[in-house]
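Notes follow once the structure below has been shown.
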Amino acid sequence: MRKIFLSIALVSTAFAFAQKKEVAAAVKAVDAGDLAAAQSQISAAESVIGDKTYLLEPALLEQYYYAKGLSLLKAGKNSEGAAYLAKMSDLGKNKIYTGRDSSKNRVYFVGKAEADKSGIQGLKEETYTPTLSSKIGNTINPMIEKANKTAMDAYSAKNYATAAPKFKEVYDLLKAGGQDNKQYLYYSALNYALADKKTEAIDIYSDLIQSGFTGVQTTYSATNKKTGELEPMDKVTWDLNKKLGATSEYSDFKTQTSPSIELELYETNAALLVEAGRTDEALKLIEAGIKKFPSSAKLTELQGTAYYKSGKMDEFVANLKVLTQKSPNDANNWYNLGVLQSKDPATTADAEASYKRAVELKPDFAQAWQNLTYLTMGDDAKAIDDYNAARKAGKTEQANKIIEARRARLAAALPYAEKWYENDQQSLDAVSLLKGLYMSNKKEAKFQEFKAKEAAMQAAGK
């Protein structure tokens, strides 16, 4: 028996014909309200298509999204259905890149990102105008109203986990109808963040940033001459009435532009990435954010945290120095810088200056006073060891210099220790250290006072 071989082109044509037939049948069924038939036809098409929707020409892909989205909506799966319907709008907003793959199949990639991801060279750029959006208005309008009410009620009740997907549903439904209002996508991201659902929040914030969304909105209004009330208007109506001048039924035309929230998007998403342990992604985003908003102390602070968490200590120190320049009155930044500088003997003087700046800004900063005390004392145990070694070796002059330098350091540290105790009187460590410093500085009365305090605190279990 002779074997029959089909050419690749013929197989591809058969595939396309089968999908057109099944998708067309699904559209017809969903329009007729036959949910079972629609789902059956969609399942048949998907069993062949799989995830290769790029093999469907735009008109057929739109029909697939339409049938799939509506069938999900009618099955009560509103969020999923809305997401599919929203993809119809993308077909008109993105360029379609078409050509052939290595198997000679005709391909259609929606948007440059998908085209680039394919790796196929020589794709041609085309456009497509969706035709089915007008058919879904009666179906989605009441759903938009209902989803928005549910989202707002949930947000007001601080039920952020419920509000987040509902705001996303509103966005998708509006987008399906041709209105790409990313403000609702922002509301969704915000609520996911408040619900501590970091992955979902990060995904949406990233999409918003990549899309160039700034949150800037201009609203239009004018005063109705008959009622005297200020009424909101769309831009077209506002422009038309304003051009009419005195013959218009409106006067006092006003516009109001909301501030940009772009910096907030960068800061919030960076914080979420850092909290999620995704430091490499955070650093990349922060670098881009600082280029756009170089004066943002928050982004610089997050950059430092990301450096610290990823073990990049040199970068962390450099970051803190920048942060103290951007926020010179933040005591915590100076304290943190002092902590890192104190770890290197070569930068001890810098650490002292940083701690002093911290307590200057925040006089009750007990931890800064504590660190300043120990920094001034130096390594006291080593000083005693060096003294004993010099004395045993018969190096009396050297031993005397060591002990005199130690006395000078302890005398200099005393006022810092007193400030430490003044701002943390429940600290047994502060009391014990002061007892020793008073003894070293020959302040007998204070030594006895703090010796008694130490005993009382130890007895009380402090």
Side-chain angles (χ1 to χ4, degrees), residues 78 82 85-86 88-90 92-93 129-130 133-160 162-194 204-205 207-269 292-293 296:
N78 291 2
L85 292 176
M88 292 164 53
S89 177
D90 289 334
K93 292 182 176 178
T129 303
S133 297
S134 59
K135 294 181 65 175
I136 61 176
N138 291 335
T139 301
I140 66 172
N141 287 341
M143 289 184 171
I144 293 172
E145 186 176 343
K146 183 178 179 181
N148 188 51
K149 185 179 187 307
T150 301
M152 292 301 296
D153 289 346
Y155 174 74
S156 298
K158 297 185 178 181
N159 187 356
Y160 306 122
T162 297
K166 278 297 175 183
F167 276 124
K168 175 66 163 56
E169 184 181 322
V170 173
Y171 168 75
D172 285 336
L173 288 170
L174 285 170
K175 186 178 177 184
Q179 185 180 348
D180 193 355
N181 190 338
K182 287 188 171 60
Q183 194 69 29
Y184 287 97
L185 203 56
Y186 164 70
Y187 295 151
S188 177
L190 178 62
N191 278 271
Y192 272 127
L194 291 171
I204 298 178
Y205 274 117
D207 287 344
L208 287 170
I209 291 170
Q210 191 173 14
S211 73
F213 175 71
T214 64
V216 175
Q217 290 182 310
T218 301
T219 55
Y220 301 87
S221 62
T223 301
N224 187 312
K225 291 179 179 178
K226 292 181 180 178
T227 64
E229 294 182 359
L230 191 66
E231 296 180 5
M233 291 181 173
D234 60 77
K235 189 176 186 307
V236 174
T237 304
W238 188 86
D239 283 337
L240 178 61
N241 277 277
K242 189 175 183 182
K243 288 178 181 177
L244 290 174
T247 61
S248 171
E249 296 179 357
Y250 293 88
S251 62
D252 193 20
F253 294 88
K254 295 181 178 179
T255 62
Q256 187 172 6
T257 303
S258 62
S260 172
I261 60 169
E262 190 175 15
L263 175 57
E264 178 197 327
L265 298 180
Y266 276 93
E267 291 177 344
T268 303
N269 203 30
K292 295 195 78 169
F293 307 100
S296 171

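The basis for the numbers below is simple: all heavy atoms, side chains too, and nothing from hydrogens, waters or symmetry mates.
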State, with a plain yes or no, whether a side-chain heavy atom of [X] is found less than 4.5 Å away from one of [Y].
X: Ile136; Y: Met143; result: no
X: Phe253; Y: Ser248; result: yes
X: Leu185; Y: Lys168; result: yes
X: Leu240; Y: Val236; result: no
X: Val216; Y: Thr257; result: yes
X: Tyr160; Y: Tyr155; result: yes
X: Thr223; Y: Tyr250; result: no
X: Tyr186; Y: Ile204; result: no

Roughly how far apart are [X] [atom1] and [Y] [atom2], rounded to 0.5 Å?
X: Thr219; Y: Met233; atom1: OG1; atom2: CE; value: 12.5 Å
X: Asn269; Y: Ile209; atom1: CG; atom2: CD1; value: 4.5 Å
X: Asp153; Y: Thr162; atom1: CG; atom2: OG1; value: 11.0 Å
X: Ile261; Y: Thr214; atom1: CD1; atom2: OG1; value: 7.5 Å
X: Glu249; Y: Leu244; atom1: CD; atom2: CG; value: 9.5 Å
X: Lys166; Y: Thr150; atom1: NZ; atom2: OG1; value: 5.5 Å

**Message:** Treating Ser211 as the side-chain partner and Leu208 as the backbone partner, does any N or O pair qualify as donor plus acceptor under 3.5 Å?
**Reply:** yes
**Asked** With no hydrogens and no angle check, is any side-chain donor or acceptor of Ser258 less than 3.5 Å from a backbone partner on Gly215?
**Response** yes
Do you know the tightest heavy-atom contact between [X] and [Y]?
X: Ala164; Y: Ser188; value: O-OG, 2.9 Å
X: Glu169; Y: Ala147; value: OE2-CB, 3.6 Å
X: Pro130; Y: Met88; value: CG-O, 3.5 Å
X: Asp180; Y: Tyr171; value: OD1-OH, 2.7 Å
X: Ala163; Y: Asn191; value: CB-OD1, 3.4 Å
X: Lys93; Y: Gly178; value: NZ-O, 4.4 Å

**Request:** Tell me, please, which residues at least two apart from Asp207 pass salt bridge (charged side-chain N to carboxylate O under 4.0 Å, His left out).
**Result:**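 Salt bridge (charged side-chain N to carboxylate O under 4.0 Å, His left out) list for Asp207, sorted by chain: empty.
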**Request:** Output all residues satisfying salt bridge (charged side-chain N to carboxylate O under 4.0 Å, His left out) with Lys158, sequence neighbours left out; order by chain, then residue number.
**Result:**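 Residues passing salt bridge (charged side-chain N to carboxylate O under 4.0 Å, His left out) with Lys158: none at all.
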**Asked** Among all residues two or more places apart in sequence or in another chain, which pass the side chain to side chain donor-acceptor pair (under 3.5 Å) test with Thr227?
**Response**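 Checked Thr227 against side chain to side chain donor-acceptor pair (under 3.5 Å); zero matches.
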**Results of side chain to side chain donor-acceptor pair (under 3.5 Å) for Lys292 - residues two or more places apart only** =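 With sequence neighbours excluded, Lys292 shows a side chain to side chain donor-acceptor pair (under 3.5 Å) to Glu262, given in chain and number order.
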**Request:** Using ring pair (Phe, Tyr, Trp, His ring centres under 6.0 Å) as the criterion, list what pairs up with Phe167, not counting sequence neighbours.
**Result:**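 If we apply the ring pair (Phe, Tyr, Trp, His ring centres under 6.0 Å) test to Phe167, skipping adjacent residues, the hits are Tyr187.
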**Asked** Which pairs with one or both residues in residues 138-148 pass side chain to side chain donor-acceptor pair (under 3.5 Å), sequence neighbours excluded?
**Response** none
**Request:** Specify whether Tyr220 and Trp238 have parallel, tilted or perpendicular ring planes, treating 30° as the upper limit for parallel and 60° as the lower limit for perpendicular.
**Result:**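 Rings of Tyr220 and Trp238: tilted, as their planes differ by 30° to 60°.
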**Request:** Please check if atom OH in Tyr192 has more than 12 non-hydrogen atoms from other residues, nucleotides or ligands closer than 6.0 Å.
**Result:** yes
**Request:** Considering only NZ, NE, NH1 and NH2 on the basic side and carboxylate oxygens on the acidic side, decide whether Lys243 and Asp239 come within less than 4.0 Å.
**Result:** no
